[in-house]
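Shown next, in structure tokens, is the structure this report addresses.
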2 protein chains.
Amino acid sequence: MLEKNTCCGGHSHTPKNLIAKAEEFCSANGQRLTAPRAEVLKTLARSHKALGAYDILEAVLIDGKKAKPPTIYRAIEFWLEHGFIHRIESLNAYVSCDHDHDTAGVHFLVCENCKCVREAHTASPLKALDLDGFEPKHSQTETVGLCKDCH
Amino acid sequence: MLEKNTCCGGHSHTPKNLIAKAEEFCSANGQRLTAPRAEVLKTLARSHKALGAYDILEAVLIDGKKAKPPTIYRAIEFWLEHGFIHRIESLNAYVSCDHDHDTAGVHFLVCENCKCVREAHTASPLKALDLDGFEPKHSQTETVGLCKDCH
DNA sequence: CACGCTGATGTTATATTATAACATTAAGCG
DNA sequence: CGCTTAATGTTATAATATAACATCAGCGTG
């Protein structure tokens with residue numbers, strides 16, 4: 001994993017911008033931008049495709065040493081909670097997010113071949129639905145298929 | 001798991017109907033309705049909530065004996081392929097389906113408390129989207145929240 | 001019926017993803 | 001400084017899923 005890949009136009013977020021946003025968020029909210037958190041976010045931001053937790057684990061060094069699973073999962077959880085990354089359920093993998101949106105409804109186009117993920121925006125899929133007492137908290141749509149470069 | 005539960009109005013599919021449909025499907029398509037397949041489908045059909053593979057494993061006996069993981073996963077795969085069950089990605093769990101629909105786009109209302117799952121139908125979420133070369137194969141929306149009885 | 005083909009299951013082992021539990025360290029604050 | 005709290009380090013293990021190969025059952029054919 002993490003090999004150079006030009007699929008999807010080589011799209012990836014810019015680690016610097018995302019880290020800057022993260023720094024800003026942390027100082028504004030009394031959170032700490034620690035080494036594991038920073039490394040995990042940078043790794044995801046550099047990748048244009050979804051990475052599994054153990055891909056991240058292999059990719060990052062914290063103070064020059066390989067981390068252990070809980071360290072990675074804690075950082076993942078932190079960024080998930082604060083909307084800096086998303087979990088792609090159908091891949092058990094994670095992507096960074098540089099969109100500003102409430103995280104209540106998102107839509108991902110997931111390439112089953114190269115695992116690249118594009119985040120799309122539409123109207124909430126709940127609009128047209130008879131919820132009949134169901135109280136929604138979060139909607140996520142995943143469309144699996146082949147990206148432009150893979151089909 | 002599998003305890004009696006009256007949440008969501010005790011909704012569950014009717015194993016007999018679903019098995020009848022499955023029998024019909026198999027004979028029409030040259031597939032075999034073997035013991036593991038039948039038991040797995042019945043178990044899911046009886047449950048009104050999503051079951052993990054290992055919940056199913058604990059629940060079924062094949063010729064009076066506990067099965068092993070590959071047996072369960074093969075049956076799950078079989079029914080997934082043929083649209084008799086769905087995988088709820090956010091739970092790593094499975095539900096039976098007695099709807100007739102192309103499996104190209106489905107929407108689930110998932111209760112995070114009791115794990116009951118309601119299948120809903122709306123227009124495809126892809127309609128409003130600029131796919132820009134992405135070739136979609138399957139869309140699934142999962143809305144996590146609290147069901148009528150749990151909130 | 002015996003044979004051989006095919007698809008399904010049985011079995012063993014292991015890969016992959018994720019978390020529990022407790023010890024230690026670091027940051028912020030009076 | 002010394003306390004408190006949040007975060008990380010560490011060890012172990014849970015939960016989910018699959019690879020690989022052996023065996024068996026159904027079925028058409030000679």
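These numbers come from the heavy atoms of this one structure, side chains and all, not from hydrogens, waters or symmetry mates.
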Next on the checklist: For B/H151, is there any backbone N or O sitting under 3.5 Å from a side-chain donor or acceptor partner on A/E135?
Outcome noted: no
Next on the checklist: If we ignore hydrogens and angles and just use 3.5 Å, is the side chain of B/D130 paired with the main-chain N or O of B/D132 as donor and acceptor?
Outcome noted: yes
Item to check | Rounded distance (Å) that lies between atom C1' of D/dT8 and atom CD1 of A/I76 | outcome: 15 Å
Next on the checklist: For the CD atom of B/E58 and the OG1 atom of B/T43, what is their distance to the nearest 0.5 Å?
Outcome noted: 11.5 Å
Item to check | Partners passing side-chain contact (heavy atoms from CB on, under 4.5 Å) against A/E24 (at least two apart in sequence or in another chain) | outcome: none
Item to check | Whole-Å gap separating P (D/dA6) and CG (A/N29) | outcome: 15 Å
Item to check | Atom-pair distance (CD on B/E58; P on D/dA14), nearest Å | outcome: 14 Å
Protein-nucleic acid N or O pairs under 3.5 Å, nucleotides 16-26 of chain C:
residue, atom, partner, partner atom, Å
C/dA18, OP1, A/R87, NH1, 2.5
C/dA18, OP1, A/R87, NH2, 2.9
C/dA18, OP2, A/Y73, OH, 3.1
C/dA18, OP2, A/Y94, OH, 3.2
C/dA18, O5', A/Y73, OH, 3.4
C/dA18, N7, A/Y54, OH, 2.7
C/dA18, N6, A/Y54, OH, 3.3
C/dA21, N6, A/R74, NH2, 3.3

Next on the checklist: So does B/C26 get a backbone contact from the side chain of B/R32, meaning a donor-acceptor N/O pair under 3.5 Å?
Outcome noted: no
Checklist entry - In whole Å, what is the span from the CD1 atom of B/I88 to the C1' atom of D/dA17? => result 18 Å
Next on the checklist: It should be established whether A/T71 places a side-chain nitrogen or oxygen under 4.0 Å from OP1 or OP2 of nucleotide D/dT8.
Outcome noted: no
Checklist outcome for this item: Correct closest heavy-atom pair for A/S96 and A/L44 would be OG-O, 3.5 Å
Next on the checklist: With a 3.5 Å distance limit and no angle check, can you tell me whether A/E39 reaches the backbone of A/I62 through a side-chain donor-acceptor pair?
Outcome noted: no
Item to check | Interface residues of residues 20-27 of chain B with DNA chain C (non-hydrogen, below 4.0 angstrom) | outcome: none
Checklist entry - Is a donor on one side and an acceptor on the other found under 3.5 Å between the side chain of B/Q140 and the backbone of B/R87? => result yes
Checklist outcome for this item: A/R37 CZ to D/dG9 P, in whole Å, measures 11 Å
Checklist entry - Just how far is it from atom CD of B/E112 to atom CG of B/L91, taken to the nearest 0.5 Å? => result 10.0 Å
Checklist outcome for this item: Separation of D/dC24 atom C1' from B/D63 atom CG, nearest Å, is 12 Å
Next on the checklist: At less than 4.0 Å, is any side-chain N or O atom of B/K68 found next to OP1 or OP2 of C/dT11? Yes or no.
Outcome noted: yes
Next on the checklist: Closest approach to the side chain of B/T34, judged atom by atom: which nucleotide of C/dT9, D/dT8, C/dG10 is it?
Outcome noted: C/dT9
Checklist entry - Rounded to whole angstrom units, what separation is found between the CG atom of A/L33 and the P atom of D/dT8? => result 10 Å
Item to check | Distance in angstrom units between B/I56 CD1 and D/dA17 C1', rounded | outcome: 13 Å
Checklist entry - Hey, does A/Q31 reach any base, or is it just sugar-phosphate, or nothing, if we go heavy atoms under 4.0 Å? => result sugar-phosphate
